Amino acid sequence: MAETLPNAEAAASLDKEQCDLLDSLRRGRPAAGQDPVKRSQIIDGARRVFIEKGFEAASMNDITREAGVSKGTIYVYFANKEELFEALIEEERGTIFKNMYDMLDRADDLRQTLVKFGKVLSMKITSARVIQAQRTVIGASDRIPDMGARFYERGPKRGHDKVMEFLNAAIERGMLKIDDVDLAAYQFTELCLAGLFRQCIFAYRTKAPSQEEIDHIVRSGVDMFLKAYGTERLFEEERHQMIALEAKA
């Protein structure tokens, strides 16, 4: 059962500032974020607890001790453990994946753009930090499926939509011919992670893959993807580029 806002008796023990903020929260005016330093302190403590104990075993008391704040202060910022966990995941996502999709806006060379993006995607998805976060979300999703759905919609689904936009732009330029762009976007990301993600998520692999391994898997995946969906125009442009490079050599 979720740990939620303290009752009136518990709230009476809070100092005036905490009570004012708690009252604002209950009135529908979000108090979280009024002190970004304190909010960050709470999230940092929660991060350590969730990593050590997992979502189910972690308690607000654990987080209180680790963050070095009172329980009343935590409830001023976050209504319950689920809300705190989601805030932590959003912060992690913003830090790790920030600007990652910007490279898809610069698509002068289709193959090289796919390779560069695929390598960054694979590196981030298989990093220890992301793998741990996904394990925690998976563990919590069985009991709170709505939270798992929100995690997918705000993260993987948004990224998937960005890849679809990129593929549609390439189709409009005559470089790709794809009947089912939604499926093709999933196929591309799976090719870039071939064999890696499951090995990492199930701890079959104890270390993140090397840059050399990622490079090999991504380049092979992009080759396969373009052989399936590339057009004659794409291959003709690549042939001309190769000829020009050889002439300069």
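Since this is a predicted model, take the numbers as computed values, not measurements.
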#### Entry: Minimal non-hydrogen separation, Leu176 against Leu167, with atom names
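Looking at all heavy atoms of both residues, the closest pair is CD1-CD2, 3.8 Å.
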
Within [range] or reaching into it, pairs that qualify as salt bridge (charged side-chain N to carboxylate O under 4.0 Å, His left out) - sequence neighbours excluded:
range: residues 113-123; answer: Lys119-Asp215
range: residues 151-161; answer: Glu86-Arg154, Lys157-Asp161
range: residues 220-230; answer: Arg111-Asp223

Pairwise ring pair (Phe, Tyr, Trp, His ring centres under 6.0 Å) hits with a residue in [range], at least two apart:
range: residues 125-151; value: none
range: residues 108-129; value: Tyr101-Phe117
range: residues 198-219; value: none

### Query
In chain order, what residues pass the side-chain hydrogen bond (donor to acceptor under 3.5 Å, both in side chains) check against Glu236, with sequence neighbours excluded?
Arg239, His240

### Query
Under the side-chain hydrogen bond (donor to acceptor under 3.5 Å, both in side chains) test, which residues partner Glu190, sequence neighbours left out?
none

### Task
Mind jotting down which residue pairs meet the side-chain hydrogen bond (donor to acceptor under 3.5 Å, both in side chains) criterion with at least one end in residues 129-139? Sequence neighbours excluded, please.
Glu92-Arg129

Checking [X] now: which residues fulfil ring pair (Phe, Tyr, Trp, His ring centres under 6.0 Å) with it, not counting sequence neighbours?
X: His160; result: Tyr186
X: Phe50; result: Phe55, Phe85
X: Phe235; result: none

### Message
Check this for me, if you would: do Arg48 and Glu52 make a salt bridge, where the nitrogen-to-carboxylate-oxygen distance has to be below 4.0 angstrom?
### Response
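Not counted as a salt bridge, because no side-chain N and carboxylate O are separated by less than 4.0 Å.
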
